[in-house]
Each structure stands twice: as C-alpha cells, then as structure tokens.
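A short worksheet on the structure shown next.
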Amino acid sequence: MEKAFLSVEGLNKRYVADGPPVFDNVSFGISKGEFVCVIGHSGCGKTTILNVLAGLESPSGGVVIMDQREVKGPSLDRGVVFQSHALMPWFSVLGNVVFAVKSRWPDWPRDKAEEHARRFIDMVGLKGAEHKKPAELSGGMKQRVGIARAFAIEPKMLLLDEPFGALDALTRGVVQDELLKICSATRQTVFMITHDVDEAILLADKIFLMSNGPRARIAEIVVNTMPKTRTRETMHHDPQFYRIRNHLVDFLVNRSRRIQAGDGAEVRNLIAATPVVRPGLEGDDASRPQSSALA
C-alpha cells in the first residue's frame, strides 16, 4: 500500500485531566493531492483536529506525520484558511498576499514577491482589486484573498476551517468554483471542515464522518464515487449524488447519535476498524472494513 502523505495515528485530546477526551483514537491517512472533507456535529473536535494538523494545538496523545516529518508546531508547509478572513486591515489585497509571500521567501525582492502574489490574486478572480483595502471588499472577496494568501506560500497541505460558512449561497458557489480550479491546477492536498453536505460532495474525494463527542472518532470514510468532472450545475442529475447524500444525512441524523449512545453493533464496528464505504455505487452501500484507517 502506498504510504500516506499525511498520517494521523491514535490522536486524542482532553482539556480536563480527569475528564473524557473530546476525541479519542482518531487515525486516518490522506494521499498527496487528495481533497478530504470532514463532517460532524458541533463539539466533536473537528476544528481541534485541524488545529493539531496546523501545529497550533498539541494533542494529548497520538502523532501526526506529514511528508515523513512529525508535526510539532506551525509551519509554512501548511496553509490555513479560517472562517474569518483574518486579513490585516491596513494592507491592500496585494499587500496582504505579499506579506505572506515575503514570510515564505524573505530574500525575494519586492517586485518578485508582487509578481508571485498577483498570480494567485488572478487565480481567485480578484484581478483589478489589488489595491483595495479589506474594508472595501465584500465577504466573499475577503475569503478569496485569504485563499490566495494561503496558496501563495505554496504549502504542501491546505487546511480549511469552514471557510465559506458566513457567505450567502451565490457567493459561496463562486468561491467554491475558484477553489476547485486552483486545486485542480496545483494538485493541492486539502483537509476541509464543513457542515454543508452538498459542499462536501462537490469538493471532496473522500468524506470523513465523525461521531458525536465526547470520545468522538472517525466513524466512516465515504469515498466520493462521482466523476471528478462534476459541477454544481450537473451533479444533481447523477443518481450517485442522491445515494451519497442520503448516506451522509442518515449518518448525521441517526447513526452518529446511536454511536454516541453506545449502540452495541455500531460501537463494535467502529472500534474494530474505520469502515470505508462507497454509497454512490449501486449494490455497494455496505461498509468495507479496513484493517487500517489509511485507506
């Protein structure tokens, strides 16, 4: 089996020494160039896992290996885009992206850093807005600047924490399309948290389903069997879309609660192995157990 680009083994996190962990024994692998979305109810530790991957928080146990090196702190090898745009209000669009570029390559002259930054500003569709300050931008434009800034440092992995959660539906669609175009062009590895089932189906190669906290786990890994060429306009016409969507919604509404309540069969299956399922394929809706979560 090919070695995972990102390997997470036995991760757990507790904030109170004698209290239950927020999540426990979380293990998974992500291949290079893979787009993974994580879905789960609030409180299951999704953002905490992302922060551990980013090196912004330390786990209580377990290890994270990226590109054969243990993650022990923040690094420009991992670009992060949060729910809030986190732009510096005194800098223009160009200035915000150049600041990140100069952090990565401090010896570059200003004109080279600006040329590099403009390439990613153009990629997210903000050509012509380079000299606007964040106060002059819409919410969607601010998030695009954040995405351009993250991509401009050319990270090995991109971590997205519900980056489109505060956007209206039309703006969200535009920014999703820009993200897909850039990921396709750069073969970027992405770990993204979302509460939007349709968004996960559109963007992800695999969807990790987390059980409810405390003691949350990766309960299932759902493989997106729809064609990579899917678009927002066409994917609803594919019968696979509804099989995948129904499977995800059923997990969120029913199965995640049974796992938290301690349903015997659900818990035994979860402890034995993280099942990989392909609900989009006719007749293959059953779980395929794996001896390792690094499927």
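Note that the structure is predicted; figures quoted are calculated from it, not measured.
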According to the interplanar angle, ranging from 0 to 90°, do the rings of F120 and F151 count as parallel (below 30°), tilted (30 to 60°) or perpendicular (above 60°)? parallel
Which of parallel (below 30°), tilted (30 to 60°) and perpendicular (above 60°) describes F28 and F191? parallel
So [Y] and [X], do their side chains get closer than 4.5 Å, heavy atoms only?
| X | Y | answer |
| --- | --- | --- |
| P134 | V93 | no |
| I193 | L160 | no |
| M66 | S75 | no |
| T234 | M226 | no |
| N51 | T47 | yes |
| I65 | L6 | no |
| F35 | Q188 | no |
| V222 | P279 | yes |

Which pair of non-hydrogen atoms, one from [X] and one from [Y], has the smallest distance, and what is that distance?
| X | Y | value |
| --- | --- | --- |
| G10 | N25 | CA-OD1, 3.7 Å |
| V22 | G43 | CG1-O, 3.8 Å |
| F208 | G29 | CZ-O, 4.1 Å |
| T189 | S31 | CG2-O, 3.7 Å |
| L87 | G146 | CD2-N, 4.2 Å |
| A216 | V26 | O-CG2, 4.0 Å |

So Y242 and H236, side-chain contact (heavy atoms from CB on, under 4.5 Å) or not? Walk me through it. CA-CA 8 Å; Y242 295 100; H236 300 85; 3.8 Å; yes
Determine whether I153 and M192 fall in the same hydrophobic cluster, where Ile, Leu, Val, Met, Phe, Trp and Tyr are linked whenever their side-chain heavy atoms lie under 4.5 Å apart. no
Please determine whether a side-chain nitrogen of the Lys or Arg among [X] and [Y] lies less than 4.0 Å from a carboxylate oxygen of the Asp or Glu.
| X | Y | answer |
| --- | --- | --- |
| D205 | K228 | yes |
| K102 | D107 | no |
| R255 | D250 | yes |
| R119 | E154 | yes |

Do [X] side-chain atoms and [Y] backbone N/O form a donor-acceptor pair below 3.5 Å?
| X | Y | value |
| --- | --- | --- |
| Q143 | P163 | yes |
| N224 | A204 | yes |
| R78 | K156 | no |
| K13 | S58 | yes |
| R230 | I201 | yes |
| T194 | A200 | no |
| R149 | V97 | no |
| R172 | F164 | yes |
| E178 | Q176 | no |
| H131 | L94 | no |

Neighbour count above 12 (heavy atom, 6.0 Å) for [X] [atom1]:
| X | atom1 | result |
| --- | --- | --- |
| R69 | CZ | no |
| E233 | CD | yes |
| E136 | CD | yes |
| F91 | CZ | yes |

side-chain contact (heavy atoms from CB on, under 4.5 Å) evaluation trace for V64 with L53: CA-CA 7 Å; V64 177; L53 300 187; 3.7 Å; yes
For I244 and T225: C-alpha separation, side-chain torsions, deciding distance, then whether side-chain contact (heavy atoms from CB on, under 4.5 Å) applies. CA-CA 9 Å; I244 296 170; T225 54; 4.0 Å; yes
From the list I121, V174, L137, L179, side chain to side chain contact (heavy atoms under 4.5 Å, CB included) partner of R144 resolves to V174
Just verifying a value: how many Å separate H116 NE2 and E114 CD, rounded to the nearest 0.5 Å? 12.5 Å
Distance (rounded to the nearest 0.5 Å) between L56 CG and T48 OG1: 11.0 Å
